[in-house]
Trainee: 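I have a structure here, written as structure tokens, and I will follow up with some questions on it.
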Amino acid sequence: MPWQQKIPYLTGQPVGVSFVNGTGTSGILCGVSDGKLLVMEYLYQRQFALKQYNIYTIQDINQFPVCPSQQPLY
């Protein structure tokens, strides 16, 4: 499925974004506005930033996988 069609299903979810230049980022997908993908990213401590990426720079968007079940360590 093209990444543009994933946006309604992934908005508000943790995602990984890959760019056409081979780099990537991750955060919470906030949606699309004025030709830009909006992603809330963690900076440090209690600081977050809403970053905007031009649509033409996006290669794909994927939802984070579910964590595997873990047994308690006691």
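These numbers come from the heavy atoms of this one structure, side chains and all, not from hydrogens, waters or symmetry mates.
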Trainee: In this structure, which one of Thr11, Ile28, Leu50, Leu29 forms a side chain to side chain contact (heavy atoms under 4.5 Å, CB included) with Leu38?
Mentor: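 It is Leu50, the one option of Thr11, Ile28, Leu50, Leu29 that forms the side chain to side chain contact (heavy atoms under 4.5 Å, CB included) with Leu38.
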Trainee: Hey, are the side chains of Val17 and Tyr53 touching, using non-hydrogen atoms and a 4.5 Å cut-off?
Mentor: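 Counting from C-beta outward, Val17 and Tyr53 never come under 4.5 Å.
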Trainee: Can you tell me how far apart NZ (Lys51) and OG1 (Thr25) are? Round to the nearest 0.5 Å.
Mentor: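 Separation between the atoms: 6.0 Å.
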Trainee: Report the distance from atom CZ of Phe19 to atom CG of Leu37, rounding to the nearest 0.5 Å.
Mentor: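 If we round to the nearest 0.5 Å, Phe19:CZ and Leu37:CG are 7.5 Å apart.
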Trainee: First locate atom CD1 of Ile61, then atom OG of Ser18, and finally report the distance between them rounded to the nearest 0.5 Å.
Mentor: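 Answer for the CD1-OG pair, Ile61 versus Ser18, is 8.5 Å.
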Trainee: Should we say atom CG of Asp34 is surrounded by more than 12 heavy atoms from elsewhere, each under 6.0 Å from it?
Mentor: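 It does not: Asp34 CG has 12 such atoms or fewer within range.
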Trainee: With rounding to the nearest 0.5 angstrom, report the NZ to SG distance, Lys36 to Cys30.
Mentor: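 Here the rounded value is 15.5 Å.
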Trainee: Starting at OG of Ser33, measure out to CD1 of Ile55 and round the result to the nearest 0.5 Å.
Mentor: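 CD1 of Ile55 is found 9.5 Å from OG of Ser33.
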Trainee: Step through the shown structure and confirm whether more than 12 heavy atoms of other residues, nucleotides or ligands are within 6.0 Å of CZ on Phe48.
Mentor: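 It does: Phe48 CZ has more than 12 such atoms within range.
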Trainee: Within this structure, what is the CG-CE distance for the pair Asp60 and Met1, rounded to the nearest 0.5 Å?
Mentor: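 With rounding to 0.5 Å, CG (Asp60) is 11.0 Å from CE (Met1).
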Trainee: Heavy atoms only: give me the nearest Gly16-Phe64 pair and the separation to one decimal.
Mentor: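 Shortest heavy-atom separation between Gly16 and Phe64 comes out as N-CE1, 3.8 Å.
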Trainee: Following the transitive rule for hydrophobic clusters with a side-chain heavy-atom cut-off under 4.5 Å over Ile, Leu, Val, Met, Phe, Trp and Tyr, establish whether Tyr42 and Met40 coincide in one cluster.
Mentor: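 Linked within one cluster.
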Trainee: Looking at side-chain heavy atoms only, is the closest gap between Tyr56 and Val20 below 4.5 Å?
Mentor: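 With C-beta onward as the side chain, the pair stays apart.
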